[in-house]
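Following: one structure in structure tokens, then a few remarks.
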Amino acid sequence: MIDQKLYKPDVIEPKWQERWEKDGIYQSDIDHERPKYYALTMLPYPSGDLHMGHWWAMAPSDARARYMRMRGFNVLFPIGFDAFGLPAENAAISRNIHPQKWTYANIEKMRKQLRSMGSMFDWRREAVSSDPEYYRWSEWFFTQLHKHGLAYRKKSPVDWCPNCNTTLAREQVWGEDRHCERCNTPVIKKELKQWFFKTTSYAEELLDFSHLDWPDRVRLLQTNWIGRSEGASVIFRTEQGDPLEVFTTRPDTLWGATFMVLAPEHPLVKPLTSIEQESKVSDYIAQTLRQSEIQREAADKDKTGVFTGGYAINPVNGKRIPVWIADYVLMTYGTGAIMAVPAHDQRDFDFAIKFGLPILPVIDRIDGLTKSFVTRKAVKTGFAEAVSKSGITCNETSEGWEFTFTAEKAEEYIFTAKEYVTDKGWVEVIGGKWAFVFEKEIIDWDSVESGQRILGLCQKLCPETKNYKILMEMLWQCPFYRDALYHDAYGTMINSESFSGTPGDQAKEKVIDFLQQRGNGEGMVNYRLRDWLISRQRYWGAPIPIIYCPEHGAVDVPEDQLPVLLPEDVEWRPTGESPLKLHPSWRYTTCPICGKPAERETDTMDTFMCSSWYHLRYLSPHYDIGPFDPEEYDYWMPVDTYTGGIEHATMHLIYTRFFHKACRDMGITKGPEPMIQLRNQGIILGEDSEKMSKSRGNVVAPDELVARYGADTVRAFLMFFARWDMGAPWSSGGIEGASRWIRRVWTLFQDMPKQGNPTAETLKNLRRKVHQTLKRVTHDYESFEFNTVISSLMELLNEMVKAADAGATGSAEWKEAQELFLLMMAPATPHIAEELWGAIGKPYSIHQQPWPEVDEEAIVEDMITIVIQVNGKVRDRITAPLTISDEETRMLALNREGIQKYLEGKTPRKVIIVSGKLVNIVV
RNA sequence: GCCGAAGUGGCGGAACUGGCAGACGCGCACGACUCAAAAUCGUGUUCCUUCGGGAGUGAGGGUUCAAUUCCCUCCUUCGGCACCA
């Protein structure tokens with residue numbers, strides 16, 4: 001008897017796990033009588049140990065899947081392993097274990113650990129991406145994409161990790177020093193011929209989230225990642241006649257394009273480079289490449305660049321403009337070339353000032369800010385006074401006068417300036433109007449040429465300005481002007497021939513029409529998103545099923561020959577070459593078309609390929625006439641709830657959406673999206689608030705906790721101790737609270753019913769609390785607020801303990817309370833719930849019971865507390881029946897003794913009554 | 001620099017739609033049980049206080065009878081992007 005009273009998770013947990021497994025209560029099969037629910041948690045990588053992060057991700061997801069099951073859904077909650085990838089291969093190199101052996105041993109260990117969690121995984125549907133029966137279909141998908149023109153091969157510079165000896169996707173390169181995602185080694189560049197998937201073909205559709213219930217945060221991350229920008233492609237020509245295409249978001253500034261900048265890697269750099277500039281250009285290219293190897297990003301932001309010696313023709317005005325190269329133009333974005341509009345782009349402005357390139361404003365300022373700085377020798381006495389008559393005030397400094405006014409005043413100002421200007425200087429107007437007033441003439445600065453003429457005149461009058469190459473450089477020296485020289489807002493076009501005067505809101509559109517008519521360009525949308533590089537120079541991945549034939553090129557391995565199996569006997573040399581390249585018999589084969597000698601592709605696929613469709617393989621992991629059984633697909637897909645870490649927002653979650661859409665267009669899948677609802681959990685940090693890692697020694701091992709407290713306690717604590725979507729640093733002390741709670745529950749259910757005479761009120765209150773809790777818990781499971789599920793159950797337990805003390809244990813209300821309590825805790829702590837469910841004489845299994853219904857009537861409080869405030873401060877409370885009217889409330893409140901003293905005999909100015917809640921008396 | 005999220009007791013966190021801030025738990029203190037300790041149970045626990053009250057949700061302002069909640073400015077932390085044409 002005493003034994004029975006002790007809570008022994010190490011006994012009851014394995015007992016129930018075995019029973020559930022034996023009875024197959026978590027096997028999910030097609031059942032058209034019940035609504036389906038596909039709950040999916042992101043598949044783990046078999047690193048060898050199930051860590052706290054896995055539990056944190058999976059246990060609450062499991063609880064919710066269980067809850068949905070009790071709600072009457074036919075729930076599929078599968079699991080599997082993302083079993084290809086680098087760590088296995090690194091282990092092979094460093095510890096001389098075959099990746100396969102390492103991986104499968106890890107999987108075996110993790111299966112055990114996962115089972116100890118007591119989750120409702122349907123293990124019959126487990127899929128392992130490194131099984132030939134799995135990667136056969138990864139290869140098959142590649143073939144399909146290739147056939148439909150969505151997979152292609154191109155030579156391109158790739159990021160290369162010298163430590164992992166592999167290509168890295170852009171997404172796998174992190175930080176300012178551009179280090180490898182996995183091992184933190186700084187990456188270098190390498191040119192390789194690689195396979196890509198055309199994710200960019202789906203860029204526009206990927207921006208449409210209208211079918212998805214996904215967190216705003218993820219949608220925003222994806223939107224930024226895809227990086228759509230609207231503008232135009234404009235075709236310039238080099239002087240030699242080669243077309244030079246640029247992408248610009250500001251076609252309205254075309255007349256201000258005073259030079260061009262190409263990425264150093266741009267193919268036209270060579271033909272454009274003049275003999276004189278050749279060495280400088282090649283030096284610069286070399287320097288850029290070297291820098292990118294080290295820390296190009298971290299380098300100071302000072303613009304660097306070199307003139308090629310070549311020129312291009314601006315298609316709108318036929319102007320001949322110099323072509324430069326600079327590292328701030330990236331070959332990987334747009335066309336790798338830009339038209340530089342220094343007056344309206346910060347980077348171009350900095351570049352032009354630094355290298356003395358012409359700057360011409362072509363967009364009017366919307367704020368009209370106009371400035372003029374006048375030196376003493378430039379004007380006759382009385383100038384400031386004369387100007388002040390126009391209502392323009394000035395700030396006098398030791399060197400002269402600073403005038404700030406609006407564009408409307410400019411003409412009047414210039415008129416006055418003309419009267420007062422001397423032959424020793426000039427008066428300039430900049431910002432809302434660009435003009436220089438000399439004694440002999442007024443020159444509008446409306447073209448590059450007039451700018452140069454003005455500068456020439458200034459240099460004659462003021463020899464100190466001799467060093468300036470361009471007018472803007474001279475103005476830039478004056479700090480007073482800085483905020484008026486450059487802007488990037490849309491505004492009325494100026495200095496743009498017949499387009500001058502076009503309002504800012506129409507400018508872009510009109511210029512694009514004009515370009516289109518003349519065949520010089522067109523409206524265009526550009527994306528930051530790039531195609532997905534899937535080639536990996538590694539062994540432990542799904543082989544890319546391609547054979548290179550000298551005659552027929554890249555030929556797909558025929559479907560009936562899939563999978564291309566990984567050879568098991570490979571040699572490990574950390575040379576950077578895939579071990580597949582070193583394998584003599586595997587590599588050489590014959591062409592499927594002509595039968596002549598040919599070579600296999602030796603690269604394998606990125607593991608994101610495997611994880612892009614695992615949710616489909618779960619449906620029928622052993623199906624061998626297709627990647628999945630269409631019948632299963634039609635029943636289960638799409639995934640209803642997908643849970644996992646936010647860190648996959650821009651990689652996995654974009655790839656899997658792309659994959660689904662591409663497959664849809666190939667007739668393989670259906671519907672717009674693969675996963676309808678997405679919820680992200682936060683991250684569990686170490687107790688020191690740092691990321692858990694072996695090197696920091698702050699890793700919390702779930703196995704130890706399970707051994708000490710039991711899985712139910714660990715599950716309950718994980719659900720309770722922090723907001724699931726936020727995560728938090730681990731708190732080792734806190735688990736005691738969950739443990740205590742579990743044991744108190746156990747104790748309460750072990751106690752024999754006491755004799756007692758509970759009052760009707762006690763029983764009513766108990767029932768009310770039970771149903772209030774049910775309402776809350778139901779809501780919280782629905783909305784992934786797991787911490788308050790547990791805290792509500794803790795509150796209920798406290799109430800039940802009180803009710804038991806008040807003698808309620810023999811009542812029907814008590815019985816109901818016990819039942820509902822167990823049903824509510826069942827998803828969170830499945831083992832103890834099952835055990836106690838049996839103990840109170842209910843039939844096995846609690847996990848096959850329906851979720852209870854809230855009795856709304858039982859929830860209603862009959863007596864309510866109304867707060868009485870005076871001037872917004874709580875001064876008193878009254879208890880009143882629920883049915884109390886506002887007028888009664890008012891009278892009651894005003895007549896309270898405790899309130900009278902705050903009123904000091906004064907009549908309240910206003911009394912606000914919130915029915916049944918609060919009275920606020922304003923005095 | 002740009003975009004986004006968060007900031008509440010000693011700690012994790014709670015608070016529905018603008019209506020009693022601090023639920024629940026940890027920790028701590030005191031008490032009961034015990035030879036003793038652990039466990040368990042009970043009581044208390046935002047701060048200040050002259051014990052009347054007063055202050056208080058990162059800081060400052062605003063709207064309102066009433067603000068953790070709405071608006072503006074700023075600070076800090078975290079995440080993402082970053083010469084994106």
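These numbers were taken from a predicted model, which means no experiment stands behind them.
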When the [atom1] atoms of [M] and [N] are compared, how many Å lie between them, rounded to an integer?
N     : M     : atom1 : result
B:C72 : B:U77 : C1'   : 22 Å
B:U69 : B:G1  : C1'   : 31 Å
B:G27 : B:G22 : C1'   : 16 Å
B:G58 : B:A5  : C1'   : 15 Å
B:A59 : B:U68 : C1'   : 15 Å
B:G9  : B:G44 : C1'   : 15 Å
B:A66 : B:G62 : C1'   : 15 Å
B:G56 : B:G52 : P     : 22 Å

Contact nearer the 5' end of RNA chain B, comparing A:Gly734 with A:Leu918 =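 Taking each residue's closest nucleotide, the earlier one in sequence belongs to A:Leu918.
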Considering every strand and a 4.0 Å limit on heavy-atom distances, what is the contact class for [X]: base, sugar-phosphate, or nothing?
X        : value
A:Gly682 : nothing
A:Tyr333 : base
A:Ser731 : nothing
A:Gly733 : sugar-phosphate
A:Gln869 : base
A:Arg228 : nothing
A:Val922 : sugar-phosphate
A:Arg219 : nothing

How many whole angstroms separate atom [atom1] of [X] from atom [atom2] of [N]?
X        : N     : atom1 : atom2 : value
A:Ile866 : B:C20 : CD1   : P     : 14 Å
A:Glu795 : B:A23 : CD    : C1'   : 5 Å
A:Asn798 : B:U43 : CG    : P     : 10 Å
A:Tyr709 : B:G25 : OH    : P     : 17 Å
A:Asp327 : B:C83 : CG    : P     : 10 Å
A:Leu330 : B:C83 : CG    : C1'   : 7 Å
A:Glu647 : B:G80 : CD    : P     : 10 Å
A:Asp725 : B:G4  : CG    : P     : 19 Å

Counting just side-chain N and O atoms, does [X] come under 4.0 Å of either OP1 or OP2 of [N]?
X        : N     : value
A:Arg744 : B:C41 : yes
A:Arg723 : B:C24 : no
A:Arg347 : B:C84 : yes
A:Lys917 : B:G19 : no
A:Lys873 : B:A55 : yes
A:Arg743 : B:U40 : yes
A:Asn787 : B:A23 : no

Given [options], which nucleotide is nearest the side-chain atoms of [X]?
X        : options             : value
A:Val874 : B:G4, B:A21, B:G13  : B:A21
A:Arg528 : B:G25, B:A82, B:C20 : B:A82
A:Asn224 : B:A39, B:C3, B:G13  : B:C3
A:Arg740 : B:C26, B:C3, B:C65  : B:C26
A:Met794 : B:C20, B:G54, B:G25 : B:G25
A:Phe247 : B:A39, B:G4, B:A85  : B:A85
A:Asn920 : B:C65, B:A85, B:C24 : B:C65
A:Ala728 : B:C84, B:G13, B:C83 : B:G13
A:Leu221 : B:G80, B:C83, B:C24 : B:G80
A:Met726 : B:G4, B:A6, B:C83   : B:A6

Partner lookup for [N], please. Criteria are Watson-Crick or G-U wobble with both distances under 3.5 angstrom; report none if nothing qualifies.
N     : value
B:G4  : B:C78
B:G25 : B:C11
B:G60 : B:C72
B:G42 : B:C30
B:C20 : none
B:C83 : none

key: Output field: ring centroids A:Phe608/A:Trp532 closer than 6.0 Å   =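 No, they do not, as the ring centres are separated by 6.0 Å or more.
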ask   = Is the distance between the ring centroids of A:Phe717 and A:Trp741 under 6.0 Å?
value =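 A:Phe717 vs A:Trp741: aromatic centres not under 6.0 Å.
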inquiry  = Using the rule given for side chain to side chain donor-acceptor pair (under 3.5 Å), can you reason through A:Glu785 versus A:Ser783, listing the C-alpha separation, both sets of side-chain angles and the distance that settles it, and then say yes or no?
reply    = CA-CA 6 Å; A:Glu785 293 168 43; A:Ser783 51; 3.0 Å; yes
ask   = Would you say A:Ser496's side chain and A:Trp255's backbone share a donor-acceptor pair under 3.5 angstrom?
value =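 No, A:Ser496 side chain to A:Trp255 backbone: no donor-acceptor pair under 3.5 Å.
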Establish, yes or no, whether the cationic atom of [X] lies under 6.0 Å from the six-membered ring centre of [Y] and within 45° of the ring axis.
X        : Y        : answer
A:Arg657 : A:Trp225 : no
A:Lys303 : A:Tyr328 : yes
A:Arg743 : A:Tyr709 : no

inquiry  = Any carboxylate oxygen within less than 4.0 angstrom of a Lys/Arg side-chain nitrogen, looking at A:Arg250 and A:Asp252?
reply    =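 A salt bridge links A:Arg250 with A:Asp252.
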query = When A:Asp350 is tested against each of A:Gln346, A:Lys354, A:Arg347 for side-chain hydrogen bond (donor to acceptor under 3.5 Å, both in side chains), which residue passes?
reply =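 The single option meeting the side-chain hydrogen bond (donor to acceptor under 3.5 Å, both in side chains) with A:Asp350 is A:Gln346.
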ask   = With syn defined as a glycosidic torsion within 90 degrees of 0 and anti otherwise, which applies to B:G25?
value =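 It is anti.
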ask   = Any idea if B:G61 is syn or anti, going by the 90°-from-0 cut?
value =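 Base orientation: anti.
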inquiry  = Using the rule given for side chain to side chain donor-acceptor pair (under 3.5 Å), can you reason through A:Asn798 versus A:Arg744, listing the C-alpha separation, both sets of side-chain angles and the distance that settles it, and then say yes or no?
reply    = CA-CA 9 Å; A:Asn798 293 345; A:Arg744 287 181 71 209; 3.0 Å; yes
